[in-house]
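Report on the following structure.
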Amino acid sequence: MAATNPEKIIFNHSDTPTTRRVLIRNPTNSVFILKIVPTNSAVVSVDARNIMIKPKNFVPINITVNTMKIPLFEYASHSVNVYARPYSTANHKCIQEWISTDGSENLKQRVQSLVIKVSKDYSARDTVLDLPGAAQSIESTVWAQTSRPDCPLDKDTLTAVRFDADCLTAQAIDPADTKFTPTGTTCGAIAGWAVATAADWLQLPTAIAV
């Protein structure tokens, strides 16, 4: 069972901005692109917004909070959203657009939303976050090579073969073979039985001596 990622980071109230570190680990065999998005950049800042993290590796992210700018009734209303998408050469262009476009993130890409809580409780220096978290680790990819007319998508594809192309045509059944004409043999010896009517069966012996 995978460990559950933390839901909040505690910052103690201070007259000066306070920094805490988030260690984002990638225990998978996939390369991920990270997008770190604070809900209020005037209060919460991060030292890196877009990061590539390789398999079996980790990256540190420093989150700085100016608690003096947070009103008393908003001590738990800000957060840092961590988004991640698996990277490959097939979705390189899509990832570029995703990184450069603000607001292009969705819930399927969100690893965790870390709530910034201002409190007198113990404030750990480091917080560990594991990928992929709540984000999906597999994405569909469009492989059509529309930008290369010299190499169409079906260049190396063989023409489809009909499903029954290698099947022999069955020999038609003679209608005469489907008809059964009972013989005139009456019920007597077992070897001579043909088709018996209900009346014939009633005339059979009730017991057969062995």
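Keep in mind that the numbers below use all heavy atoms, side chains included, and drop hydrogens, waters and symmetry copies. Note that this is a predicted model, so its numbers are computed, not measured.
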Just by distance, do the side chain of Ser45 and the backbone of Ser41 share a donor-acceptor pair under 3.5 Å? no
For Asn91 and Ser88, indicate whether the former's side chain and the latter's backbone hold a donor-acceptor pair under 3.5 Å. yes
For Arg21 and Arg125, run side-chain contact (heavy atoms from CB on, under 4.5 Å): C-alpha distance rounded to whole Å, both residues' side-chain angles, the deciding distance at 0.1 Å, then the answer. CA-CA 6 Å; Arg21 186 171 63 175; Arg125 186 189 66 176; 3.6 Å; yes
Indicate if Ile33 and Val59 have the same hydrophobic cluster label, given that clusters are the connected sets of ILVMFWY residues with side-chain heavy-atom separations under 4.5 angstrom. no
Cluster link Leu131 to Leu129, ILVMFWY, side chain under 4.5 Å: yes
If every non-hydrogen atom of Ser104 is compared with every non-hydrogen atom of Gln109, which pair is closest and at what distance? O-OE1, 4.0 Å
Heavy-atom pair of closest approach, residues Pro6 and Thr127: CG-CG2, 3.4 Å
Considering all heavy atoms, the nearest Ala84-Leu34 contact: CB-CD2, 3.6 Å
Indicate yes or no: at least one non-hydrogen side-chain atom of Asn62 is less than 4.5 angstrom from one of Arg20. no
Could you check whether any side-chain heavy atom of Phe11 comes within less than 4.5 Å of a side-chain heavy atom of Ile63, counting everything from C-beta outward? yes
For Val37 and Val80, what are the C-alpha separation, side-chain angles and deciding distance, and is it a side-chain contact (heavy atoms from CB on, under 4.5 Å)? CA-CA 6 Å; Val37 183; Val80 174; over 6 Å; no
Flag the pair Ser79 / Leu114 as yes when at least one side-chain heavy-atom distance between them is below 4.5 Å, and no otherwise. no
Asn81 side chain vs Glu105 backbone, donor-acceptor pair below 3.5 Å: no
For Glu139 and Pro86 the tightest heavy-atom approach is OE2-CD, 3.8 Å
For the pair Asn66 (side chain) and Val43 (backbone), establish whether a donor and an acceptor sit closer than 3.5 Å, ignoring hydrogens and angles. no
With a 4.5 Å cut-off on side-chain heavy atoms, are Pro17 and Val65 touching? no
So, the side chain of Ser123 versus the backbone of Ile10: is there a donor-acceptor pair under 3.5 Å, distance only? yes
Are the side chains of Thr19 and Asp47 in touch, meaning some heavy atoms are under 4.5 Å apart? no
Any donor-acceptor N/O pair, Lys54 side chain to Ser30 backbone, under 3.5 Å: no
Is any side-chain heavy atom of Met68 closer than 4.5 Å to a side-chain heavy atom of Asp15? yes
Judged by atom type as modelled, is there a donor-acceptor pair below 3.5 Å linking the side chain of Asn12 to the main-chain atoms of Ser119? yes
Ignoring hydrogens, what is the shortest heavy-atom contact between Gly133 and Asn5? Give both atom names and the distance. CA-ND2, 3.6 Å
Assess the residue pair Ser14 and Thr67 against the criterion (side chain to side chain donor-acceptor pair (under 3.5 Å)); give the C-alpha distance rounded to whole Å, side-chain angles, the decisive distance to 0.1 Å, and a yes or no. CA-CA 6 Å; Ser14 174; Thr67 57; 5.4 Å; no
Is there a path of hydrophobic side-chain contacts, each under 4.5 Å between heavy atoms, that joins Phe58 and Phe32? no
